[in-house]
Number of protein chains: 2
Amino acid sequence: MAGNALPANGNGSALTQAARTAISDKAMVDAAIDLILERGTDGTTLQAIGEKAGYSRGLATYRFGSKAGLFDAVCKSISRRWLSYLNSGVGNQVGIDAMCVALDAFFQFISDFPRDARVLQILYCGAASPQSEYRQTSINIHQRQRDDVAKWVRAGIREGSIRGDANPDSVAAQYIAYISGMTYLWLINPESIDFRKANEDMKLHIRRSLQK
Amino acid sequence: MAGNALPANGNGSALTQAARTAISDKAMVDAAIDLILERGTDGTTLQAIGEKAGYSRGLATYRFGSKAGLFDAVCKSISRRWLSYLNSGVGNQVGIDAMCVALDAFFQFISDFPRDARVLQILYCGAASPQSEYRQTSINIHQRQRDDVAKWVRAGIREGSIRGDANPDSVAAQYIAYISGMTYLWLINPESIDFRKANEDMKLHIRRSLQK
DNA sequence: AATCACTTGCTTGTTGACAACAAGTTACTT
DNA sequence: AAGTAACTTGTTGTCAACAAGCAAGTGATT
């Protein structure tokens, strides 16, 4: 569909090898996102991904090595988008402000790209299984986000906006756990979660428990 | 191993049909827990479960209908244990007390039965996939827990220990999201989580944001 | 600028493992 | 002893993974 399996037809305008790879890569990641949303990770086959992307049944395996390798790539692709989205929202803010803006950015991301958000959460869940070949990716992403939050808290304490007895690492774990857990609850039962309201309440709670 | 495939050996002391089923059932659920911990849900086969339980490769399929059916049974089995554990801890308490005691019970459960806790969380994660045949089980369990928490909050407001402007449903969602998210973080990277400390901080946080 | 050796992208052939189901066998029940 | 329920074995279709081959792109030499 998206990719052209035979780019050099009659004329001399050929694609670069790197371009060919980039095109087929993106086509397969996109196909994977569609299929995961439709059928879940178990129901998604490498054959279906390759063919939906406009290639052969074998390309996905060839390119990504394994099903887990492909999921890892999808995971990284989406989380890259999310992190840049987040960074552009938070900017240089720190402390409680940063935490609140990040919550808003998260809600915005879920509203703007619900498909990406859903697939990312599905893949994070897949990383929970022992022997998961992309668990490390999930660990790294979550750890990085926790580190960012802990930094915001530390800076907030320094500038005096956050009470000095707050434990940055503990607050960060709690904050990331909230986001992760809320997203899970939303994923399995979207109607049961009013994300906007939950986030407004969460901001209030953050202020109450951290403000000096 | 645990189950006897041939209980009626030479003597006349035979087992009841119901007892036979109960024994093989339990043996297979136990085997499944072991195997899921070892190899994850994907790496666990129905054949391996049946044989590890001391039966044939086909019994697990026969009894539970499908892999999802078996996981659903395991999920229900463990969550039953957890809920009775929880109830015996909380008793008739309500409000902030109930919320704090439940956190303690949860930490205790994870310390006492880390294997069960891990498998339960792995299965909850599996329920995140679309088309998951036991998603409803996860939804029900989480919904029930949220309802319980919301009840505690409402009772706390009535008895005057919780501020009147707290939204019970929102607080409940936040509380359950915290537990779910924290368990996920613990599952993928146990060393990174100090559950005891996180829970102590969470209790403080709850008091600060809900106490009148 | 034409061609030739080489590399990389991609496809097709094949194998072993597994879930699911059907048909058969063994253990209990009345 | 006939019937029912627990359990096993035979079989099929699907899939991931790998291997071998084909096609497209690259770049050095002339």
Side-chain angles (χ1 to χ4, degrees), chain A residues 1-28 31-32 35 39-72 126 131-134, chain B residues 2-28 31-32 35-36 39-72 126 131-134:
Chain A
M1 263 188 177
N4 287 321
L6 301 166
N9 17 40
N11 56 17
S13 86
L15 285 166
T16 257
Q17 294 280 53
R20 289 212 314 168
T21 309
I23 289 170
S24 61
D25 232 72
K26 180 168 176 3
M28 284 195 289
L35 288 167
R39 315 178 189 174
T41 47
D42 285 11
T44 296
T45 69
L46 292 170
Q47 170 169 359
I49 291 169
E51 287 172 352
K52 189 182 175 81
Y55 297 85
S56 70
R57 69 179 169 77
L59 185 58
T61 305
Y62 169 76
R63 180 68 50 76
F64 298 102
S66 69
K67 203 169 170 176
L70 170 56
F71 288 164
D72 190 39
Q131 315 282 357
S132 166
E133 292 175 47
Y134 59 98
Chain B
N4 286 322
L6 302 166
N9 15 43
N11 55 18
S13 86
L15 284 165
T16 256
Q17 295 281 54
R20 287 215 305 168
T21 310
I23 289 169
S24 61
D25 232 74
K26 180 169 175 2
M28 284 195 289
L35 288 166
I36 290 170
R39 313 179 191 173
T41 48
D42 284 13
T44 296
T45 68
L46 292 169
Q47 170 169 0
I49 290 169
E51 288 172 351
K52 189 182 176 78
Y55 296 85
S56 70
R57 68 182 170 74
L59 185 59
T61 305
Y62 169 76
R63 178 67 48 77
F64 299 102
S66 70
K67 202 169 171 176
L70 170 56
F71 288 164
D72 189 39
Q131 315 282 357
S132 166
E133 292 175 47
Y134 59 99

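Quick caveat: nothing in here was measured; it's all calculated off a predicted structure. The basis for the numbers below is simple: all heavy atoms, side chains too, and nothing from hydrogens, waters or symmetry mates. By convention in this document, chain letters (A, B, ...) are assigned in the order of the sequence lines, proteins followed by strands, and residues within each chain are numbered from 1.
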How long is the line joining OH of A:Tyr62 and P of D:dA16, in whole Å? 19 Å
A:Arg57 CZ to A:Thr45 OG1 distance, which is reported to the nearest 0.5 Å: 11.0 Å
Round to a whole Å and report the spacing from CZ of B:Phe64 to P of C:dC21. 16 Å
Whole angstrom is fine here: how far is it from CD in A:Glu51 over to C1' in C:dT11? 11 Å
Interatomic distance where CG belongs to B:Asp25 and P belongs to D:dA5 [whole Å]: 16 Å
Write down the distance between CD1 (A:Ile23) and C1' (C:dT8), rounded to a whole number of angstrom. 15 Å
On DNA chain C, more 5' by nearest nucleotide between A:Thr21 and B:Gly65 is A:Thr21
Between CG on residue B:Leu59 and CZ on residue B:Phe64, distance to nearest 0.5 Å: 8.0 Å
Rounded to the nearest Å, what distance is computed from the CZ atom of residue B:Arg63 to the P atom of nucleotide C:dA20? 16 Å
Winner on side-chain proximity to B:Arg20, out of D:dT8, C:dT11, C:dC28, is C:dC28
From A:Thr44 atom OG1 to A:Arg39 atom CZ, the distance as rounded to the nearest 0.5 Å: 6.5 Å
Tell me, with the steps shown, if B:Thr21 and B:Arg63 meet side chain to side chain contact (heavy atoms under 4.5 Å, CB included). CA-CA 9 Å; B:Thr21 310; B:Arg63 178 67 48 77; 3.5 Å; yes
With a cut-off of less than 4.0 Å, is there a side-chain N or O of B:Ser24 near OP1 or OP2 of D:dA6? no
With side chain to side chain contact (heavy atoms under 4.5 Å, CB included) as the test, would you mind laying out the steps for A:Phe71 and A:Glu133 before giving the verdict? CA-CA 9 Å; A:Phe71 288 164; A:Glu133 292 175 47; over 6 Å; no
Could you measure the distance from the OH atom of A:Tyr62 to the CG atom of A:Leu46? Nearest 0.5 Å is fine. 15.0 Å
Distance check needed: D:dA24 P versus A:Tyr55 OH, whole Å only. 13 Å
Contact pattern, 5' to 3', of nucleotides 12-19 of chain C - B, S or - by protein heavy atom under 4.0 Å: BBB---SS
